[in-house]
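Structure first, commentary second.
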Protein chains: 2
Amino acid sequence: MGATKTDHFTKRQNEIANLMKALSHPARVAIIDHLLKVAACVCGDIVAELPLAQPTVSQHLKELKNAGLIKGDIEGNSVCYCINEKTFAKFEALLQPIFGKVKAKASSCC
Amino acid sequence: MGATKTDHFTKRQNEIANLMKALSHPARVAIIDHLLKVAACVCGDIVAELPLAQPTVSQHLKELKNAGLIKGDIEGNSVCYCINEKTFAKFEALLQPIFGKVKAKASSCC
DNA sequence: TAGCTAAATCGTAATATTGCGATATTAAAG
DNA sequence: CTTTAATATCGCAATATTACGATTTAGCTA
């Protein structure tokens, strides 16, 4: 055991969970923060920004990329990472109904 | 190793990461879905709804409670779980600026 | 009190994540 | 072609998560 039973849940629930997981580590939130702050799409700058070793940052970048939250363009020697707006838009669209329903509920109990 | 270096990141980044982690499992998304759907605050109904054993569901409920996303009121024999709107509002407030900045950026590169 | 039901906790196995040193890979520079 | 720089990948150790059977806790009812 220990393997998540993803097949028992809806596609939507798994999509939400996957996007949440991608941002469930402060380093990855910090990477997104940085990519939003800097005008240009930084590459190895991210490694310099974070208090983590290069291989570790590379791994976090890979996870964000797998989740589709960032894109990586090879630019000669280095790689240019940047926000993938499409996925963020989808994420927002998935969360909107939840936040909306929470507000509509208005403490029906407890 | 293996322990997340939470102390190297900002309080905000850790807060976001923690809330994300709480919803990074489809079962926990399903629990929130269910609590939003049902008018009354269900208790053991959640166990019946999910394709998981009772101890497993109890564990997921505990994590959602620890993150502050749900509340649990003891009601005689059983427990009444429900959405904690305050935390959801905070979560939304934390994400809003990110989604906003993503849209404002409008593919500056890549 | 004894028995029943609902939920939490314990203990443990399987698996996943995090972090990083060492090592590849790839492309520009000399 | 060799060197250098920037990233990615490998392999491993430490730790965390997921799942659940067995057990405990707590309240209700008879």
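All values below come from the heavy atoms of this structure, side chains included, with hydrogens, waters and symmetry mates left out. Proteins come first, then strands; the chains are lettered A, B, ... in the order of their sequence lines, and each starts at number 1. Since the structure is predicted, the reported quantities are computational estimates derived from the model, not experimental observations.
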Compare all side-chain heavy atoms of [X] with those of [Y] and state whether any distance is below 4.5 angstrom.
{"X": "I70(A)", "Y": "L35(A)", "result": "yes"}
{"X": "F91(A)", "Y": "L23(A)", "result": "yes"}
{"X": "I32(A)", "Y": "V102(B)", "result": "no"}

Does OP1 or OP2 of [N] have a side-chain N or O of [X] closer than 4.0 Å?
{"X": "H60(A)", "N": "dG19(C)", "result": "yes"}
{"X": "T56(A)", "N": "dC20(C)", "result": "yes"}
{"X": "Y81(B)", "N": "dA6(C)", "result": "no"}

Distance check needed: [N] [atom2] versus [X] [atom1], whole Å only.
{"X": "I46(B)", "N": "dA7(C)", "atom1": "CD1", "atom2": "P", "answer": "9 Å"}
{"X": "D73(B)", "N": "dG27(D)", "atom1": "CG", "atom2": "P", "answer": "14 Å"}
{"X": "Q54(B)", "N": "dT24(D)", "atom1": "CD", "atom2": "C1'", "answer": "11 Å"}
{"X": "N66(A)", "N": "dT17(C)", "atom1": "CG", "atom2": "P", "answer": "11 Å"}
{"X": "Q59(B)", "N": "dA19(D)", "atom1": "CD", "atom2": "C1'", "answer": "7 Å"}
{"X": "L61(A)", "N": "dT7(D)", "atom1": "CG", "atom2": "C1'", "answer": "10 Å"}
{"X": "E49(B)", "N": "dA6(C)", "atom1": "CD", "atom2": "C1'", "answer": "17 Å"}

Next on the checklist: Just to be sure I understand the rule, does I74(B) reach a base, reach only the sugar-phosphate, or reach nothing, if contact means heavy atoms closer than 4.0 Å?
Outcome noted: nothing
Next on the checklist: Does E63(B) reach a base, just sugar-phosphate, or nothing at all? Heavy atoms under 4.0 Å.
Outcome noted: sugar-phosphate
Next on the checklist: Please list, in numerical order, the residues of residues 13-35 of chain A that have a heavy atom closer than 4.0 Å to any atom of DNA chain D.
Outcome noted: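 Nucleic-acid contacts, sorted: none.
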Using nucleotides 4-6 of chain D, report all nitrogen or oxygen pairs with the protein that are shorter than 3.5 Å.
none

Item to check | Residue S58(A), side-chain heavy atoms: nucleotide from dC20(D), dG19(C), dT7(D) that is nearest | outcome: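 Among the listed nucleotides, the one closest to the side chain of S58(A) is dT7(D).
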Look at the side chain of [X] and the backbone N and O of [Y], then say whether any donor-acceptor pair between them is shorter than 3.5 Å.
{"X": "S24(B)", "Y": "K21(B)", "value": "yes"}
{"X": "N84(B)", "Y": "G68(B)", "value": "yes"}
{"X": "E63(B)", "Y": "H60(B)", "value": "no"}
{"X": "R28(A)", "Y": "A22(A)", "value": "yes"}
{"X": "Q96(B)", "Y": "A93(B)", "value": "no"}

Checklist entry - Only one of L52(A), V38(A), L61(A) clears side-chain contact (heavy atoms from CB on, under 4.5 Å) with I46(A); which? => result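 For I46(A), the side-chain contact (heavy atoms from CB on, under 4.5 Å) test succeeds with only one of L52(A), V38(A), L61(A), which is L61(A).
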Next on the checklist: Both K65(B) and E75(A) contact DNA chain C. Taking the nearest nucleotide for each, which residue is further toward the 5' end?
Outcome noted: K65(B)
